[in-house]
Amino acid sequence: SPPLYDASLMFKGIDFFSDTVTRPTKGMRQAMADAEVGDEQEHEDPTTLRLEARMAKMLGQDEAYFFPTATMANQIAIQIHCRPGEEILAASTAHVFWAEAGGPAVHARALAKPIPAPSGLFGVKELKAAFNSVKSPHFPVSKLLVIENTCNLGGGLAWPLDQLDEVTAWAKENGMKLHLDGSRIFNAALASGVDVKRITAMFDTVTVCFSKGLGCPTGAILTFPKKDKEEVRLLKQRMGGALRQSGILTAGVLYGLDQHLKRMAEDHENARLLASELKKLGGPIRVEDHPQSTNMVFFHHSSPTVSVESFLEACEKKGVRFLWMGESRIRAVTHLDIGRSDVLKAAEIVREVL
């Protein structure tokens, strides 16, 4: 086992591992230190209440509660929509299926029905094929459609608005509830050139993660209809979500909304720059081409003599870290702590390693 604390274990180079590796800026830390706080469980934390009201209005929703993580928020959304035995439909690459530890089966006791969609995007045709239209006590009810936007495993893609409109409209017409896993919804809105409310207002519930593009140390929001307020609060308590003086955290989120939201366009520009620089390298490097990509670059390292593990280890030793996604696929995520010069330096390091 590693020691309780060993600074040598912390990666200190150019870190494309994820946008969750960002550290709070000096301004954010100061805002957190100065936060006005109270007992969140008793609805007495003024900073948290301000954030919840702001996010509900921003996303075009009735109510909002602050959570420690987006995974917890997603799981509570599923519970308020699904009874045991009912079906959740989502892309086969959806976070709620592959990265939440089987939560839908444990908490909601709901069935997971993946829609084959490697990119994370699908159309009405694919949704119809997965939807159970047979009304019989022998068959489960297709109750909830979960949309992830942006689609992480698919390449960091933003849903095209017309495609999203068609899919959500069909789901509503056929009696489904809609949940948006919008952990990176600000990236999606930026890529689509619309106000975030244009995307979120069509959903019954919405999750947003603050520890990614905004650079906060933790936190997420769940928005939901007013009629579900008591149940959401109950489920939050049941899952251990009483946060007490959470204003220390939500002050950082408010700072991020004010100071970091607009600058996320730089992350998209840096991702495009990284993709362009990696394409120039050629050889064993192949960059995936995703027109709707945001702050993510997916590329492949395929060599008959050098393994992906060896390639990534060599890059890390020279000061740049990526995330291995299995087989030859590698992910790089741009974020608050990476600038244009870091991208160019990282591309040069990869060239040296090759």
*Classify the side-chain pair Asn270/Glu266 by whether it contains a donor and acceptor separated by less than 3.5 Å.*
no

_For the student: nearest non-hydrogen atoms of Thr93 and Trp98, plus distance_ = O-NE1, 2.5 Å

*Considering only heavy atoms from C-beta outward, does the side chain of Met325 approach that of Leu153 to under 4.5 Å?*
yes

*Does the Ser307 side chain pair with the main chain of Ser310, one donor and one acceptor, at a distance under 3.5 Å?*
yes

*May I ask you to decide if Met72's main-chain N or O and Thr69's side chain share a donor-acceptor pair within less than 3.5 Å?*
yes

_Hydrogens and angles aside, do Ser142 and Glu87 bring a side-chain donor and acceptor to less than 3.5 Å of each other?_
yes

*Taking atom CD of Glu269 and atom CE of Met264, what is their separation to the nearest 0.5 Å?*
12.5 Å

*Polar side chain donor-acceptor pair, Asp19 to Asn295, under 3.5 angstrom*: yes

*Output, in order, the C-alpha distance, side-chain angles, deciding distance and verdict of side chain to side chain contact (heavy atoms under 4.5 Å, CB included) for Val297 and Val333.*
CA-CA 6 Å; Val297 177; Val333 186; over 6 Å; no

*asked:* Side chains of Gln237 and Gln41 only: does a donor on one sit below 3.5 Å from an acceptor on the other?
replied: yes

*Between Asn152 and Arg331, is any side-chain donor less than 3.5 angstrom from a side-chain acceptor?*
yes

_Between Glu40 and Arg233 (salt bridge meaning N to carboxylate O under 4.0 Å), is one present in this structure?_
yes

*From Met296 atom CE to Glu288 atom CD, the distance as rounded to the nearest 0.5 Å*: 12.0 Å

*In this structure, are over 12 heavy atoms from other groups packed under 6.0 Å from Lys143 atom NZ?*
yes

*Answer yes or no: is there a donor N or O on one side and an acceptor on the other, between the side chain of Asn174 and the main chain of Trp170, under 3.5 Å?*
yes

*asked:* Heavy-atom count check: over 12 atoms from other residues, nucleotides or ligands less than 6.0 Å from Arg340 CZ?
replied: no

*Do Asp39 and Asp45 come close enough that some side-chain heavy atom pair is under 4.5 Å?*
no

*Taking atom OG1 of Thr207 and atom CD1 of Ile221, what is their separation to the nearest 0.5 Å?*
9.5 Å

_Thr22 side, atom OG1; Met28 side, atom CE - distance, nearest 0.5 Å_ = 7.5 Å

*Backbone of His290 reached by a side-chain donor or acceptor of Ser293 within 3.5 Å*: no

*asked:* Please give me the minimum heavy-atom distance between Ala332 and Phe299, naming the atom from each residue.
replied: CB-CE2, 4.5 Å

*About how many Å separate CD of Gln292 and OG of Ser119, when rounded to the nearest 0.5 Å?*
8.0 Å

*Should the heavy atoms of other residues, nucleotides or ligands under 6.0 Å from NZ of Lys345 be counted, would the total exceed 12?*
no

*Specify whether His179 and His81 have parallel, tilted or perpendicular ring planes, treating 30° as the upper limit for parallel and 60° as the lower limit for perpendicular.*
tilted

*asked:* With clusters defined by side-chain heavy atoms of hydrophobic residues (ILVMFWY) lying less than 4.5 Å apart, directly or transitively, does Met176 cluster with Val206?
replied: yes

*Counting N and O atoms only, with roles assigned by atom type, does the side chain of Thr294 sit under 3.5 Å from a partner on the main chain of Gly156, one being a donor and the other an acceptor?*
yes

*Side chains of Leu178 and Val146 in contact at under 4.5 Å (non-hydrogen atoms)*: no

*asked:* Show, in sequence, the C-alpha distance, side-chain angles and deciding distance for Tyr255 and Thr25, and conclude whether the side chain to side chain contact (heavy atoms under 4.5 Å, CB included) test is met.
replied: CA-CA 10 Å; Tyr255 180 91; Thr25 62; 3.8 Å; yes

*So do the side chains of Leu164 and Ile199 get within less than 4.5 Å of each other, counting heavy atoms only?*
yes

*Answer yes or no: is there a donor N or O on one side and an acceptor on the other, between the side chain of Ser92 and the main chain of Ala117, under 3.5 Å?*
yes

*Can any side-chain N or O of Lys113 pair as donor or acceptor with the backbone N or O of Ala130 at less than 3.5 Å?*
yes

*asked:* For the backbone of Phe203 and the side chain of Gln61, can you confirm whether one donor and one acceptor N or O come within less than 3.5 Å of each other?
replied: yes

*Can we say Arg351 and Glu348 salt-bridge, meaning some charged N sits less than 4.0 Å from an Asp/Glu carboxylate O?*
yes

*Relative to each other, are the rings of Phe322 and Phe16 parallel, tilted or perpendicular (30° and 60° limits)?*
parallel

*Hey, are the side chains of Lys172 and Met202 touching, using non-hydrogen atoms and a 4.5 Å cut-off?*
yes

*Does a salt bridge link Asp165 with Arg198, judged by any charged N lying under 4.0 Å from a carboxylate O?*
yes

*Can Asp267 and Arg272 be said to form a salt bridge (Lys or Arg N to Asp or Glu O under 4.0 Å), step by step?*
CA-CA 9 Å; Asp267 298 338; Arg272 288 191 289 269; over 6 Å; no

*Heavy-atom closest contact (Asp342 atom, Ile14 atom, distance)*: O-CD1, 3.5 Å

*How long is the span from the CD atom in Glu63 to the NZ atom in Lys229, to the nearest 0.5 Å?*
4.0 Å

*Would you tell me whether Asn74 and Glu100 have side-chain atoms, one donor and one acceptor, within less than 3.5 Å of each other?*
yes

*According to a 4.5 Å side-chain heavy-atom criterion applied to Ile, Leu, Val, Met, Phe, Trp and Tyr, with indirect links allowed, do Phe311 and Val320 form part of one hydrophobic cluster?*
yes

_Looking at every heavy atom in both Val350 and Cys315, which two are closest together, and how far apart are they?_
CG2-SG, 4.3 Å

*Assess the side chains of Ser211 and Thr20: does a donor N or O sit below 3.5 Å from an acceptor N or O?*
no

_I want to check something: taking the side chain as every heavy atom from C-beta on, are Ile285 and His300 in contact at a cut-off of under 4.5 Å?_
no

_What I'd like to find out is whether the side chain of Trp159 reaches to under 4.5 Å of the side chain of Phe122, using heavy atoms alone._
yes

*asked:* Does Phe66 form a side chain to side chain contact (heavy atoms under 4.5 Å, CB included) with Phe210? I'd like the steps, not just the answer.
replied: CA-CA 10 Å; Phe66 179 70; Phe210 300 128; 4.1 Å; yes

*Would Leu214 and Val208 show up in the same hydrophobic cluster when neighbours are defined by side-chain heavy atoms closer than 4.5 Å?*
yes

*Compare every heavy atom of Ile78 with every heavy atom of Pro104, then report the nearest pair and how far apart it is.*
CG-CD1, 3.9 Å

*Measure from the side-chain N and O atoms of Ser192 to the backbone N and O of Val194, and report whether any donor-acceptor pair falls under 3.5 Å.*
no

_Determine whether a donor-acceptor pair (N or O, by modelled atom type, separation under 3.5 Å) exists between the side chain of Glu126 and the backbone of Gly123._
yes

*Stepwise, does the side chain to side chain contact (heavy atoms under 4.5 Å, CB included) test hold for Leu344 with Glu277?*
CA-CA 8 Å; Leu344 295 174; Glu277 293 298 312; 4.0 Å; yes

*So does Glu327 have more than 12 non-hydrogen atoms from other groups sitting under 6.0 Å from CD?*
no

_Testing the basics here: between Ala191 and Ala158, what is the closest heavy-atom pair and its distance to 0.1 Å?_
CB-CB, 4.0 Å

_Measuring only between side-chain heavy atoms, which start at C-beta, is Pro46 closer than 4.5 Å to Glu36?_
yes

